[in-house]
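Below you'll find the structure, written out as structure tokens, and then a few comments.
Letters go in sequence order (proteins before strands), and every chain restarts at 1. Computed from a predicted model, the values in this text were never measured in an experiment.
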Protein chains: 2
Amino acid sequence: MATKPASEGAEAGAERISEAEHAVMEALWQRSPQTAAEVCDTVCAERGWSMPTVKTLLSRLVQKGVLDTQPDGRRFLYTPLIARSAYVGTESRRLVERLFGGRAAPLLAHLAEAEALTPDDIAEIERLLAEMKK
Amino acid sequence: MATKPASEGAEAGAERISEAEHAVMEALWQRSPQTAAEVCDTVCAERGWSMPTVKTLLSRLVQKGVLDTQPDGRRFLYTPLIARSAYVGTESRRLVERLFGGRAAPLLAHLAEAEALTPDDIAEIERLLAEMKK
DNA sequence: GGCTGTCGATTACATTTGTAATCTGAATGC
DNA sequence: GCATTCAGATTACAAATGTAATCGACAGCC
């Protein structure tokens with residue numbers, strides 16, 4: 001890569017999303033596009049935030065290149081640029097990497113030990129494994 | 001809770017451990033107790049840190065109540081006060097909670113999809129499941 | 001057409017985190 | 001005993017994060 005691309009740090013999803021920002025993303029993954037006010041309806045109730053807080057988080061997410069804006073009259077509609085599954089995958093792998101040296105089995109063992117696995121989970125995991133082995 | 005307990009924020013493990021701090025904990029979980037210099041031997045190489053950085057992180061971990069110190073001549077020996085498995089369990093559950101609404105199965109599904117599961121992992125997970133069902 | 005409310009944008013500010021330099025006091029070498 | 005050295009402690013400081021107030025512009029009401 002000789003010539004650096006003009007768009008400075010704009011690869012969608014490259015930036016790290018903080019926990020507060022994640023709450024906002026979650027709202028937008030649930031439904032999009034939404035206005036800032038709509039997002040606030042959801043997250044302000046959940047987290048006890050005020051409107052300005054949500055505005056800030058939205059701005060930062062736009063800056064980070066993970067939200068797209070389109071004008072709608074005088075306000076903006078916000079849409080995620082990265083899929084939830086991509087984010088979730090990245091975060092999961094990051095954790096497995098950091099805590100279990102990349103091996104997923106110990107993770108499961110820990111969850112099992114912590115009784116974080118319901119019988120339903122177990123059944124579903126078995127189903128998944130069966131499918132993977134096909 | 002009428003009367004607040006006297007010990008101000010001293011419950012071991014209640015505090016959040018940052019990622020840099022985690023690297024230090026990891027070294028001490030590997031072997032303990034260790035002096036600051038010994039910890040540095042490990043992590044400074046891994047992360048390109050300098051001694052003062054390690055000192056700071058150690059101090060913060062002591063403050064947070066997750067490391068214990070015992071004097072050894074003129075230096076300190078540092079020992080973890082929380083078990084690695086406890087930390088790992090907390091972090092795992094936090095992630096599962098945040099990303100999958102507490103259900104572990106979708107986590108596994110994501111790891112599977114991301115090919116983060118080796119055949120060994122799969123075998124071991126099956127073994128775990130079998131054991132849990134007993 | 002001016003007032004008011006409503007947007008997004010800008011600015012603010014405390015806390016946490018990452019990374020480190022400097023200070024201070026005790027041990028050690030001579 | 002006194003200088004040197006080597007601990008931990010204190011201080012520093014920029015970036016990221018959490019949380020929000022304020023500003024400036026435009027839309028709609030009267």
>> Given the structure, check if the side chain of A:S50 and the base of D:dA20 hold any donor-acceptor pair shorter than 3.5 Å.
In response: no

> Within the structure shown, what part of the strands sits under 4.0 Å from A:A36 by heavy-atom distance: base, sugar-phosphate, or nothing?
Replying inline: sugar-phosphate

> Where the side chain of B:Y78 is defined as all heavy atoms beyond and including C-beta, which of D:dT19, D:dG8, C:dG18 is the nearest nucleotide?
Replying inline: D:dG8

> Can you find an N or O donor on one side and an acceptor on the other, under 3.5 Å apart, linking the side chain of B:R60 with the base of C:dT19?
Replying inline: yes

> What is the distance from CH2 of B:W49 to P of C:dG18, rounded to the nearest Å?
Replying inline: 7 Å

> Taking atom P of D:dT5 as reference, at what distance in whole Å does atom CZ of B:R75 sit?
Replying inline: 18 Å

>> In whole Å, I'd like the distance from the CZ atom of B:F76 to the P atom of D:dC6.
In response: 19 Å

>> Under 4.0 Å, counting only non-hydrogen atoms across every strand here, what does B:S18 touch: a base, just sugar-phosphate, or nothing?
In response: sugar-phosphate

> Judged by atom type as modelled, is there a donor-acceptor pair below 3.5 Å linking the side chain of B:Q70 to the main-chain atoms of B:F76?
Replying inline: no

>> Does C:dT17 have its OP1 or OP2 closer than 4.0 Å to a side-chain nitrogen or oxygen of B:K64?
In response: yes

> Once you round it to whole Å, what is the distance between P of D:dA7 and CD of B:Q34?
Replying inline: 14 Å

>> I need the full list of salt bridge (charged side-chain N to carboxylate O under 4.0 Å, His left out) pairs touching residues 26-41 of chain A, with sequence neighbours left out, sorted by first then second residue.
In response: A:E26-A:R84

>> How many whole angstroms separate atom CG of A:L57 from atom P of D:dT17?
In response: 11 Å

>> Please report the distance, rounded to the nearest Å, between CD in A:E21 and P in D:dA20.
In response: 15 Å

> Counting any heavy atom closer than 4.0 Å, what does B:T56 reach on the DNA or RNA strands: base, sugar-phosphate only, or nothing?
Replying inline: base

> Please give, in whole Å, the distance from D:dG18 P to A:L58 CG?
Replying inline: 14 Å

>> If you only use heavy atoms from C-beta on, which nucleotide in C:dA9, D:dA20, C:dG18 is closest to the side chain of A:T53?
In response: D:dA20

> Closer to the 5' end of DNA chain D via nearest nucleotide, is it A:I17 or A:K55?
Replying inline: A:I17

> How long is the line joining CZ of A:R16 and P of D:dT17, in whole Å?
Replying inline: 8 Å

>> Go through it in stages, so that I can follow the logic: the residues are A:L107 and A:L111, the test is side-chain contact (heavy atoms from CB on, under 4.5 Å), and I'd like the CA-CA distance, side-chain angles, deciding distance and then a yes or no.
In response: CA-CA 6 Å; A:L107 203 206; A:L111 291 173; 3.7 Å; yes

